[in-house]
Amino acid sequence: MAHIHMMLQGKGGVGKSLIAALLAQYMLSKARTPLCIDTDPVNATFHGYQALQVRRIDLMEEEEINPRGFDALIDLVAQAQGDAIIDNGASSFVPLSHYLISNQIPALLAELDHLLVVHTVITGGQALLDTISGFAHLASQFPPETRFIAWLNPYWGPVEHEGNGFEQMKTYLANRERLSAIVRLPVLKKETFGRDLAGMLQQRLTFDEALAMPALPIMTRQRLSIIRRLVYGELDAAMVL
């Protein structure tokens, strides 16, 4: 069964493209080459990773879904022999979610022996409540044949509210049966690990590309290697494949 991994979250700038890139690299490390697609109409960050061979599809026409673009996306995914990773922008969150549900895409993919896996990001800091709300919206709207994976991103602060971690929050407790896994991105010291990762991301480099660059200081490569090991360990534990 092919897994169609779709990044969906209504809040912009929370790391959707980051998790798409991490997931693609993880799959490649397991000798699986995913079909990578970027539909973000504003910031096509995922498309910038040349090593991942990301295709670009324009889904939006003004503020509505372009049916031709949507049909092209579904055709491409339906014909995929293996897994696919689709990064979507915040601006298309509401119309795309509606379009997927109203056209019964999860059921269609299931008929094709494909499983829709929705990845959503929960952040700490000021965007916490917005990202929690986005997750609740998705969980309440998508049909049972959809699998959900939550990524906890602590970049802006701990993922907690009034002293409660994500798994103690009301939204999680109300929707925990919809979640197949939780992936926790590591807390990184910004002056060292965080700066090294940010530099790699700004250049749209994969871990393999960065670690193969002799011009990078050895300790930068060491810290990137540690981050990769931590993230891949989380994905192993979450059994995302």
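- Between His119 and His5, the ring planes are tilted. Angles from 30° to 60° get that label.
- With hydrogens and angles disregarded, a donor-acceptor distance shorter than 3.5 Å links the side chain of Gln168 to the backbone of Gly165.
- The local environment of CG in Leu173 is crowded, with over 12 non-hydrogen atoms from other residues, nucleotides or ligands closer than 6.0 Å.
- Between Arg176 and Glu167 there is no salt bridge, since no side-chain N of the basic residue sits under 4.0 Å from a carboxylate O of the acidic one.
- Between Asn66 and Met60 there is no side-chain heavy-atom pair separated by less than 4.5 Å.
- Among Leu100, Ile85, Val77, the one residue that satisfies the side chain to side chain contact (heavy atoms under 4.5 Å, CB included) test with Met6 is Leu100.
- Although no hydrogens or angles enter the test, the distance criterion places no donor-acceptor pair under 3.5 Å between the side chain of Glu234 and the main chain of Val183.
- Side-chain contact between Phe93 and His137 is present, with at least one heavy-atom pair separated by less than 4.5 Å.
- Environment of CZ in Arg55: sparse, with no more than 12 heavy atoms of neighbouring residues, nucleotides or ligands closer than 6.0 Å.
- Tested against Ile37, the residues Leu73, Asp87, Val54, Leu59 include a single side chain to side chain contact (heavy atoms under 4.5 Å, CB included) partner, Leu73.
- At least one side-chain heavy atom of Leu23 sits under 4.5 Å from a side-chain heavy atom of Met7.
- Of the possible polar contacts, none joining the Ser133 side chain to the Leu129 backbone as a donor-acceptor pair under 3.5 Å is found.
- Remark: side-chain polar atoms of Arg56 are paired, donor with acceptor, to backbone N or O of Asp40 under 3.5 angstrom.
- Taking 4.5 Å as the limit, every side-chain heavy atom of Glu160 sits out of range of all side-chain heavy atoms of Leu128.
- At least one side-chain heavy atom of Arg228 sits under 4.5 Å from a side-chain heavy atom of Asp208.
- In terms of modelled atom types and a separation under 3.5 Å, the side chain of Asn103 and the main chain of Ile105 share no donor-acceptor contact.
- When all heavy atoms of Val121 and Ile19 are compared, the closest pair comes out as CG2-CD1, 3.7 Å.
- With values rounded to the nearest 0.5 angstrom, Ile122 atom CD1 is found 8.0 Å from Met169 atom CE.
- A donor-acceptor pair is defined here as one N or O able to donate and one able to accept, closer than 3.5 Å; such a pair exists between the side chain of Glu209 and the backbone of Thr206.
- In summary, Asp83 and Arg32 engage in a salt bridge, as defined by a charged side-chain N under 4.0 Å from a carboxylate O.
- For the pair Phe46/Ile86, no side-chain contact is recorded, criterion being any heavy-atom separation below 4.5 Å from C-beta on.
- For CE of Met239, the number of neighbouring non-hydrogen atoms (other residues, nucleotides, ligands) closer than 6.0 Å is 12 at most.
- No more than 12 heavy atoms of other residues, nucleotides or ligands shown are found within 6.0 angstrom of CD on Gln50.
- Between the His114 side chain and the Leu112 main chain, a donor and an acceptor come within less than 3.5 Å of each other.
- With hydrogens and angles disregarded, a donor-acceptor distance shorter than 3.5 Å links the side chain of Ser180 to the backbone of Phe148.
- Within a 6.0 Å sphere centred on CD of Gln104, heavy atoms belonging to other residues, nucleotides or ligands number 12 at most.
- Residues Asp130 and Phe135 have side chains not in contact (no heavy-atom distance under 4.5 Å, counting atoms from C-beta outward).
- Judged by distance alone, the side chain of Gln81 and the main-chain N or O of Gln79 form a donor-acceptor pair under 3.5 Å.
- For the residue pair Asn88/Thr39, the side-chain donor-acceptor check at 3.5 Å is satisfied.
- Atom CZ in Phe142 sits 5.5 Å away from atom CG in Leu8 (nearest 0.5 Å).
- Comment: Lys189 does not engage Asp196 in a salt bridge, judged by the lack of any side-chain N to carboxylate O separation of less than 4.0 angstrom.
- A cation-pi arrangement, defined by a distance under 6.0 Å to the six-membered ring centre and an angle within 45 degrees of its axis, is present between Lys190 and Tyr155.
- Of the possible donor and acceptor atoms, one in the side chain of Gln25 sits under 3.5 Å from a partner among the backbone N and O of Phe207.
- The OG1 atom of Thr45 sits 7.0 Å away from atom CG of Asp38, with the distance rounded to the nearest 0.5 Å.
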